[in-house]
2 protein chains.
Amino acid sequence: MGNRLNGFGACSTEVKKACPIEMTLHIIGGKWKGIIIDILSNNSVRFNELKRLIPGISQRMLTLQLRELEADGIVKRKVENTIPKKVEYSLTEQGEKLSPIIASMRIWGIQYMG
Amino acid sequence: MGNRLNGFGACSTEVKKACPIEMTLHIIGGKWKGIIIDILSNNSVRFNELKRLIPGISQRMLTLQLRELEADGIVKRKVENTIPKKVEYSLTEQGEKLSPIIASMRIWGIQYMG
DNA sequence: CGGAATCCCTTCCGATACTG
DNA sequence: CAGTATCGGAAGGGATTCCG
């Protein structure tokens, strides 16, 4: 199932047609994607920098989540083939449209804890 | 370990202190909670009506999700002990504060599919 | 530096059957 | 009507090791 990597909107297939809320939650859901998008808002960040900014994430999970976000058209990946290699991640236009939503989730979370 | 049911903010414990975004995503995440909150926005809905309004959800999952939302202080449950029983679900004040976020996720999803 | 590969455990979720 | 109980598969996620 789930054919990934067919570019923009590669999100998990059947979900698409169904409920847009479910689809959005599927794209930004999971343990790490929210904070990744939040950090990348109006920012271009390198892999290890990103890893440093997200306490507790493993290299494996960071890679996986970035790959999925990329496949869903949320994140861009820019490689400079210098030595050592340099890879910069940033949000696509679609991705930037998500960041206010993530930001409001942060606000809500803070007042919820308060 | 995750002590549930200690009322408001019973969300899974350790998450709380960490990242508010992660916590919010934990509360509204998963396959069904988004649409449940969306339907309950400014609405009081009975169990079976809710089930009817959410295509594909099983009785078990609806119950589970409602219980978690209740434990997290998002959803209220009102029982009338008539025969047959009547149970109405609605959002708490905290829950209503989530509904604009869910709504913006719906909007984003629609334009993303567009 | 920025990954990929493997292993393994936990959580999520669906199907089905039963109940006050 | 509004649930519970039980089972089993699928997906999510952590630890560790290896690589160009």
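- In this structure, Tyr89(B) reaches the dG3(D) phosphate: one of its side-chain N or O atoms is under 4.0 Å from OP1 or OP2.
- Whole-Å rounding puts the Ile83(A) CD1 to dG3(C) P distance at 16 Å.
- Counting heavy atoms of neighbouring residues, nucleotides and ligands inside a 6.0 Å radius, atom CD of Gln111(B) exceeds 12 of them.
- Between dG3(D) and Arg77(B), a contact under 4.0 Å exists linking OP1 or OP2 to a side-chain N or O.
- For Leu62(A) and dG12(D), the CG to C1' distance is 16 Å, given to the nearest whole Å.
- Nucleotide dG3(C) holds its C1' atom 16 Å from the CD atom of Glu68(A), rounded to whole Å.
- The side chain of Arg67(A) approaches dA4(C) more closely than any other nucleotide in the set dA4(C), dT4(D), dC1(D).
- Among the candidates Arg52(A), Arg46(A), Lys51(A), the single residue satisfying the salt bridge (Lys or Arg N to Asp or Glu O under 4.0 Å) test with Glu49(A) is Arg52(A).
- The distance between atom CG of Leu66(B) and atom P of dC1(D), rounded to the nearest whole Å, is 16 Å.
- Between the side chain of Glu22(B) and the backbone N or O of Trp32(A) there is no donor-acceptor pair closer than 3.5 Å.
- In this structure, the side chain of Ser104(B) does not engage the main chain of Ile101(A) through any donor-acceptor pair within 3.5 Å.
- Ile27(B) and Ile110(A) are assigned to two separate hydrophobic clusters, defined by single-linkage of ILVMFWY side chains at heavy-atom distances under 4.5 Å.
- The distance between atom CZ of Phe47(B) and atom P of dC1(D), rounded to the nearest whole Å, is 11 Å.
- Judged purely by atom type and a 3.5 angstrom limit, Ser41(A) uses its side chain to pair as donor or acceptor with the backbone of Ile37(A).
- The NZ-P distance, from Lys86(B) to dA2(D), rounds to 9 Å in whole Å.
- As a whole-Å value, the separation of His26(B) NE2 from dG12(D) C1' is 12 Å.
- The interatomic distance linking Glu49(A) (CD) with dC1(C) (C1') rounds to 13 Å, in whole Å.
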Indicate for each nucleotide in nucleotides 13-20 of chain C, in 5' to 3' sequence, whether protein heavy atoms under 4.0 Å reach the base (B), only the sugar-phosphate (S), or nothing (-).
BBB-----
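- Panel note: side chain Ser99(A), backbone Asp38(A); no donor-acceptor pair is recorded below 3.5 Å.
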